[in-house]
Structures are given as structure tokens and as C-alpha cells.
Protein chains: 2
Amino acid sequence: MVPDDDGAFAPATEDAPSSSGFLDDGKNTIGSQLASRLREAIISGELQAGSKINLDKARKTFNVSLSPLREGLARLISDGLVEFEDNRGYRVSPISLANLEEITTLREEFEVFALRESMRLGDVEWEGNVMRALHRLNRTERDAARPETLERWEELHREFHLTLISGCGKPILLHFCRLLLNLNDRYRRVFLTRTSGDRNVSQEHSEIAQGAVARDLDYSCDMLRQHIHRTGTNLRKHLATKGIL
Amino acid sequence: MVPDDDGAFAPATEDAPSSSGFLDDGKNTIGSQLASRLREAIISGELQAGSKINLDKARKTFNVSLSPLREGLARLISDGLVEFEDNRGYRVSPISLANLEEITTLREEFEVFALRESMRLGDVEWEGNVMRALHRLNRTERDAARPETLERWEELHREFHLTLISGCGKPILLHFCRLLLNLNDRYRRVFLTRTSGDRNVSQEHSEIAQGAVARDLDYSCDMLRQHIHRTGTNLRKHLATKGIL
DNA sequence: CCTTGACAGATAATCGATTATTTTGATAGT
DNA sequence: ACTATCAAAATAATCGATTATCTGTCAAGG
């Protein structure tokens, strides 16, 4: 018997760390694979926000049948990246200033709460994971000229933020945070190819992580909140610049 | 009748006040209808927590084909009521002490936050809705001997809590709260047929609502937090009594 | 005994075709 | 011109059958 399953919202077995992939990495069914491909397509902006998803075209594009296509789309609904209406089909969730602002606010609220809980409850392994995630992130160059570096950086950045709060022992909360991070990343991927000049993001991450493993609750939480807030502000500016309502 | 969740994080399509329902209330496709029936079956405990959902049996029970069945189940995954694993199928999300405790904690955190935002941002219409929801709830008898009254009460209770926070102007947050309320209601439906003797729940609701429309932020939030906390404590006791691990 | 592997039955995933619903576009009446 | 109406086309939903995967059982070999 497995000791404990994590109730609702299990950690969604994320992609295996490329290196030691002897454990079957999920992604078995066509539906799953589609979900991944579509998720990437949406977050990267390849599929435009707000646009309708025509099932027939999608079916041909991906060379699959309706069933797995719907299956995949259904998962993206859980992720908040796709919306659905009976008899009207699916569409990519629209973006808006209000939506971005809500995401930022909720991240400040929940991610910070989750960090606090992690610091309160996290064990040594959690600390180790945080430091590793930080190191890997800071060692990765982010060159706007080479898209593949951006993609890699995004992945590690996401991983860092999730690791930071992974010690909180609250699967549902983690699920919510993962969701918000997804939603947020779409804005960054689409609107921010480079960091604003007046920020040293690496250092921000370091400060948060150092504070976290040192269990300096107030400091670390405050840093994280500011980090999230700054990103939100930057994104808002870029959204305005590129003329989104 | 409260229309069930609108798929993704839709901008809070205002629920039609039960009376004037001349507008087609959704529930069009078989998939949607199934989702509702299954949701009710799970929350009411008819489908036991943790149990496997055999597609073939379910297909026969409900007299439908696989496609809409999967469709319906997919929505319950978004609701956190069903879990899924590739090639292993679906199962009703298990319950546990840890799960209940997390739900309670998160409700205290999120729902209170949403209430505060509602008081900060809600307009007069919101106030009216709150008072109406309170009135309807308090006017409804809850008789453990007659299950239909319990069901009705649950519906109005859920409606009250959602209305209370409906003024916050944050669709994603509302979605999260609705989800948590769903998960929480399952515990209450299964384990609490009557209110603990030392509580006057009607009065608790009244105090919260009165404070809310009076914009007494600290008071109302405090009352709500205690309200949620007490329910959590009661449920925990009953869980223990009935011998759940 | 315990492990390993192969078979068979159960179950989930997918497909191609069919049915239902919505949208579009043309036509007739005011 | 403007709206209403209806048929045709586009699109979504569903079905029944087929294929793929998993799970349990049992026999052979260690």
C-alpha cells in the first residue's frame, strides 16, 4: 500500500528531469500528448488568446480523431487556458488587463502564503530542492536572440517558483499556484522577451531563496511579494504599449 | 436552481434568480447533464469517495455512450471531485483528514480574502443579493428526517456563501472558492446531517451578512473565519467518530 | 516456495460515421 | 432599405465498433 496519496489535485507528475528518464514519463495517451502540445502552443502565444478553436481544423492539424482532441482540450480547461461553451466549442482564454491584474494579485496573496507555509513546514530536502532550482535557474542564460534559451529559462523559472512553495504540504494550494503561474507565464512569454533594465532578477530570486532556507519568514515573503508585483507592473506596461485594451 | 460552474473562469455569468428562469438554463448537451448528475452523486455521497468509476458500468447505468461520459467526467476533474490517470481511468477523489484540513484552511484564507474584497468593491446590488441570499437561507428549515430539506438547505447555503463573495470582481478567485465550497460540501453532506448543538448557524450567517453590508471589514471577516473554522472542527470530529483514517 | 513470462479477460483509448445544433446567406414581405 | 424566415453549410456532439493497454492467473523454471 502506498503511504499516502495526495488527495485531490495530485502533483500532475511533471516532466522528468531530462537526465535520468528511465521511469516512463507519462504522456502515454494521445489525449495527454495533445494537452501538452496545446498547452505549449497557448502559453507561447502560437495560438492567439481569445481565438476560436475549430475542432475540424485542429483535428487535421494534429492528425488525430475528435475524442483525444476533446480530451486534451478538457485538460486545458482545468488549467484555465481554454474556455468552453455547450454547442459552441472551445476558445483560447482571452487576455486582458483585468485578468493580468487579478493573476498578479492572487499570486501575491497565495504564492506568498504558500511560501510562508513551506518555510514553516518544509524539511531539509525541500531546502535542497530550492537551492538546486535556484542554481540551475541562475546558471541559465536568457538571450532574447535565441528563442530556445528563452524557453529553457521559462521552464526553469517556473520550476524555481514551484519548488519554492513545494514544501507547504498543501496539494490543492499548489494546484492553484501552478495554475496561476501558467496563466502568468503566458503574459510573460508573449509580452516580455527581455527583463526590464532596472531589475536584477537573478538577485531577486537569490534573495528569496536564501531567505527561505534561512527561514526568515517576513523577509523572504516580502521579497517574493515585491518580485511578483514588479513583474506584474512591467507586464502591465508592455501590455499598454502594445496596445491591448 | 443554481446553474453549475461555467467551465473555465468565465467572468461570473450572473446566476439567474431562480424565479424568472425563462432563459434556457444550459444543461443542453448530454455531457453537461451527466456532469451535473455525477456531481450531485459525488457530493451527496452516493458515489463513494475513492471508489473507481468503471466506464462500462457507468455507461450502462446512465444509458449513454463513452464520449459524453468522458466529457462529463472531465468537468468533474476541474471541480476536484474526480481524479484521472492515463490508461487507468477515473476515480472519485478520496477524502481524508488532511484533505479536509487543507480545504478548511484554504477557505479561511481565500474566502475571507474574497469577502474583504467584496466589501471593498461591492456595489448596492451586491448588498441586495447578500441580504436576499441570507433571508432565503434563514427561512429554510433543515430537518434531518427529510432529506429533501437538507438538499435544499445545502443549495441555499452554498448560494449564500458564494453571493457573499460575489462582489469581489475576481473571477479566478471566485472559481477557486466555488471549488473549495464543492469539496467542503461533500464532507458536510456525508458526515453532518444536523448542526452541532452549541451553534446557532443562522445567527452566524446573519452576523456575517449584516457586517458585510455595513462594510465592517474586520468584524465580518472575523466572523466568517470563525464560521468556517467551526464547521471544520465539527467535521473533523465526525470524521474521527465514524472512523475515517 | 518464489520469481518470471505468457495468456486471457477486463478495461480504457481511439476511430470513422452519424446525428444534432448553430451559423450563414439568400429570399420574401413590409 | 430593413427585418424576419427558412434552407444550406459549417460545426459540434454522439454513437457503435475497433484497437491498445492493463491486470490477474497460472504454469514453467529457478
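Only heavy atoms go into these numbers, but all of them, side chains included; no hydrogens, no water, no symmetry mates. In what follows, every chain begins at residue 1, and chains take the letters A, B, ... in the order their sequences are listed.
- Aromatic pair A:Phe176/B:Phe176: ring centres closer than 6.0 Å.
- Nucleotide C:dT22 holds its P atom 9 Å from the CG atom of A:Asp86, rounded to whole Å.
- Listed in residue order, the members of residues 52-64 of chain A having a heavy atom less than 4.0 Å from DNA chain D are A:Lys52, A:Ile53, A:Asn54, A:Leu55.
- When the C1' atom of C:dC15 is taken as reference, atom CD of A:Glu71 falls 14 Å away, rounded to whole Å.
- By the neighbour-count criterion of 12 heavy atoms within 6.0 Å, atom CD of B:Glu40 is densely surrounded, having more than that number from other residues, nucleotides or ligands.
- Atoms CG (B:Leu69) and P (C:dT14) sit 15 Å apart, rounded to a whole Å.
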Might you list the N or O atoms of the protein lying below 3.5 Å from N or O atoms in nucleotides 18-21 of chain D, with each pair's distance?
| residue | atom | partner | partner atom | Å |
| --- | --- | --- | --- | --- |
| D:dT21 | O3' | B:Asn87 | ND2 | 3.4 |

Next item on the list: Take B:Leu180 and A:Ile172 through the test side chain to side chain contact (heavy atoms under 4.5 Å, CB included) and record every step on the way to the result.
Entry: CA-CA 9 Å; B:Leu180 290 169; A:Ile172 303 176; 4.2 Å; yes

Next item on the list: Step by step, work out the side chain to side chain contact (heavy atoms under 4.5 Å, CB included) result for A:Glu117 and A:Phe113.
Entry: CA-CA 6 Å; A:Glu117 290 293 282; A:Phe113 175 62; 4.0 Å; yes

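- In this structure, the side chains of A:Arg178 and A:Arg158 come closer than 4.5 Å at one or more pairs of heavy atoms.
- Without hydrogens or angle criteria, B:Trp126 side chain to B:Leu164 main chain gives a donor-acceptor distance under 3.5 Å.
- The listed nucleotides are D:dC22, C:dC15, C:dT14; the one nearest the side chain of A:Ser65 is C:dC15.
- Straight-line distance from the CD1 atom of B:Ile30 to the C1' atom of C:dA20: 10 Å, rounded to whole Å.
- Distance, A:Phe84 CZ to D:dT11 P: 16 Å, rounded to whole Å.
- For A:Arg88 and C:dT24, the CZ to P distance is 11 Å, given to the nearest whole Å.
- Residue pairs meeting the salt bridge (charged side-chain N to carboxylate O under 4.0 Å, His left out) criterion with at least one partner in residues 122-131 of chain A, sequence neighbours excluded, are A:Glu127-A:Arg215.
- As rounded to whole Å, 13 Å separates atom P of C:dT11 from atom CG of B:Leu66.
- Under the 30°/60° scheme for interplanar angles, the aromatic rings of A:His157 and A:His161 are found to stand perpendicular.
- Between B:Phe84 and B:Tyr90, the ring planes lie tilted relative to each other; the angle falls in the 30° to 60° range.
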